[in-house]
Structures are given as structure tokens and as C-alpha cells.
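Step one of this worksheet: look at the structure below.
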Number of protein chains: 2
Amino acid sequence: MELIKKVNELGEDEALDFYENMFNALADKIRLKIINEISKSPNKSLCVCDLEEKLELKQSKLSYHLKKLVNVNILIPEKHGTWNYYKINEEQIQFVLSEDTCCKIF
Amino acid sequence: MELIKKVNELGEDEALDFYENMFNALADKIRLKIINEISKSPNKSLCVCDLEEKLELKQSKLSYHLKKLVNVNILIPEKHGTWNYYKINEEQIQFVLSEDTCCKIF
DNA sequence: TATATAAATCAAAAAAAGTTGATTTATATA
DNA sequence: TATATAAATCAACTTTTTTTGATTTATATA
């Protein structure tokens, strides 16, 4: 779901759905902060417990918001043992948002 | 509120607020359709009753959604007698979204 | 001035989104 | 195998957003 390559091939209604979902995922300060924290991290990748510390949010809340970002393909999850790391799908965001905006949010 | 010129001068927290509000305004299919209808109209401007017809939505519902778009400066209202016309603030949207996205939504 | 039309606003109800603590699942290690 | 840690999921609850019909405000016209 929500893969960039396909957006240009979508009909009008499906494109509206795509953008509605994208904007919805981005329309929340916690989620914008998650993106921001990951982009500031040395490896451009953080696990849930890293974010728990940095943003002072509890685990279940973070999982909820991370899932929203993964669902629209803004974040890409990577499992390393017991840890789940998340990195930003810059291509996807850059496809949707202006350079100016990308600079500000990541 | 939400004037482009100022976004680049904002601190990080205020910038996040700005984008959260922007994405929130865009994160709704009715509001995306409003933008789309206005952009397709000959004068790039429609009044509430035009939209009522085109989108088959009732007046109070439209007023609610139009207000959301005006609040973040995506739409600019213009009063002509009894009619309230709305036009798109393309500059504001182009500042936030990519060319690709703008092409798709208006 | 009285009447009609456009559209904003309001308050109540309905629907959707977010939060919370507990439970479950999966992996790593003693 | 038993235990510990990371993180997803779940169901109950809270908060926010949206919808609805009624009312109000503003303008135009007979």
C-alpha cells in the first residue's frame, strides 16, 4: 500500500485517497517529532526504546504512532534481534512535500 | 496566522505547529475535493452554493470545511455582495507541497 | 421597510482518533 | 529450558473532529 511508483498511475479518486492518508499520517506533532528524531540520529535509524527515551513517551503510544507512519510508507521498519529499528523513507516524503518542507521536518 | 513569509523565521516548535496545522487541513477528502473543484473552475474561484451543487454537500458542512482551509491560509475568501467566493492560495500550497503533489491535487 | 437569499455560527449528537495499562509475541541469554 | 527484554496488539476509555438541523447575520431587491 502507498507505494510511490504507483501514485502517478492512480486514478483521481485513488490519488485523493493516497494524499488523504499521507497528510493524515503527517498531521500530528508526535509523528512529526518521531521523523525529526530519526533524521537527527547518527545512523538515521532508531528503535522504539530509543524514541521512548528521547521523546519521553510510553511504548504502546509510540508503537501506535509508528504504525501509522509505516502504513503510509513514510517509515521503513527493520528487525534486528529483539529490536525494531525505523528509518525514514526519504524518497516517499520528497515525492509528496516540497524541499522547503522536507528541510524543516527532517 | 499561518503566513508563508514567516515560516522560515519560525523556531522549531512553531514550525512543527505550522506543518501540523497545514497537514491537518489537507488530511480530508472533502477538503481536497474543494481545492480540486475550485482549481477546475473557469475563474479559479467558487462560492459556497457552487460547491454545494458540485459536491452535493450541505451548506453548513461546506462552511465548516472552508473555514478550516481559510484558517491555514490555503483558501482566500472574497465577499461579493451576498456571495462568498473562495480562491486557492497557490503560493502557500506550493511552499509546502511538491510540484508532483500540487499537480495531483489542483 | 419587508422579504428573500447566501452563508456563518451554534449546540447537540455521532464518529473517529488517540491514550492507557495489560497481555501477547518474539527473540536473546543464563 | 527458564527468564528477561523489546515491542506489537488489545479492549476500555478519553478526547477531538465531523455532522446535523436550527438560528443568526448580512446583503440585495421588491
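Chain naming here is simple, since letters A, B, ... match the order of the sequence lines and numbering starts at 1 in each. All values below were derived from every heavy atom in this structure, side-chain atoms included, with hydrogens, water molecules and symmetry-related copies excluded.
Across all strands, Y86(B) comes closer than 4.0 Å only to sugar-phosphate atoms, never to a base (heavy-atom distances).
Taking NZ of K54(A) as the reference point, atom SG of C49(A) lies at 10.5 Å (rounded to 0.5 Å). Between L51(B) atom CG and L57(B) atom CG the span is 8.5 Å, to the nearest 0.5 Å. Within the model, atoms CG of N21(A) and NZ of K29(B) stand 8.0 Å from one another, a figure rounded to the nearest 0.5 Å. Atom CZ in R31(B) sits 12.0 Å away from atom CD1 in I105(B) (nearest 0.5 Å).
In the set dA26(C), dT27(D), dA7(D), dA26(C) carries the atom at the smallest distance from any side-chain atom of K79(A). Listed nucleotides: dA26(D), dA8(C), dT27(C). Nearest to the side chain of T82(A): dT27(C). Taking every side-chain heavy atom of W83(A) into account, dA7(D) is the closest of dA7(D), dA26(D), dT9(C). Among the nucleotides dA28(C), dA6(C), dA8(C), the one closest to the side chain of C49(B) is dA6(C).
Taking atom CG of residue L57(B) and atom P of nucleotide dT19(D), one finds them 8 Å apart after rounding to whole Å. Rounded to whole angstrom, the span from the NE2 atom of H80(A) across to the C1' atom of dT27(C) amounts to 14 Å.
Each of I38(A), N89(A), L46(A) was evaluated against L75(A); a single residue qualifies, I38(A), per the side-chain contact (heavy atoms from CB on, under 4.5 Å) test.
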Both distances under 3.5 Å, Watson-Crick or G-U wobble: on that basis, could you give the dot-bracket string for DNA chain D, with [ ] for crossing pairs and | for other-strand partners? ||||||||||||||||||||||||||||||
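Contact annotation: side chain of Q59(A) to base of dA6(D), donor-acceptor pair absent below 3.5 Å.
Side-chain polar atoms of E37(B) and S41(B) form no donor-acceptor pair below 3.5 angstrom.
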Kindly give the atom pairs (protein nitrogen or oxygen, nucleotide nitrogen or oxygen) under 3.5 Å for nucleotides 11-18 of chain D.
residue : atom : partner : partner atom : Å
dT18(D) : OP1  : R31(B)  : NH2          : 3.3
dT18(D) : OP2  : Y64(B)  : OH           : 2.6
dT18(D) : OP2  : K68(B)  : NZ           : 2.7
dT18(D) : O5'  : Y64(B)  : OH           : 3.4

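For the pair K67(A) and dA8(D), the criterion of a side-chain N or O lying under 4.0 Å from OP1 or OP2 is not met.
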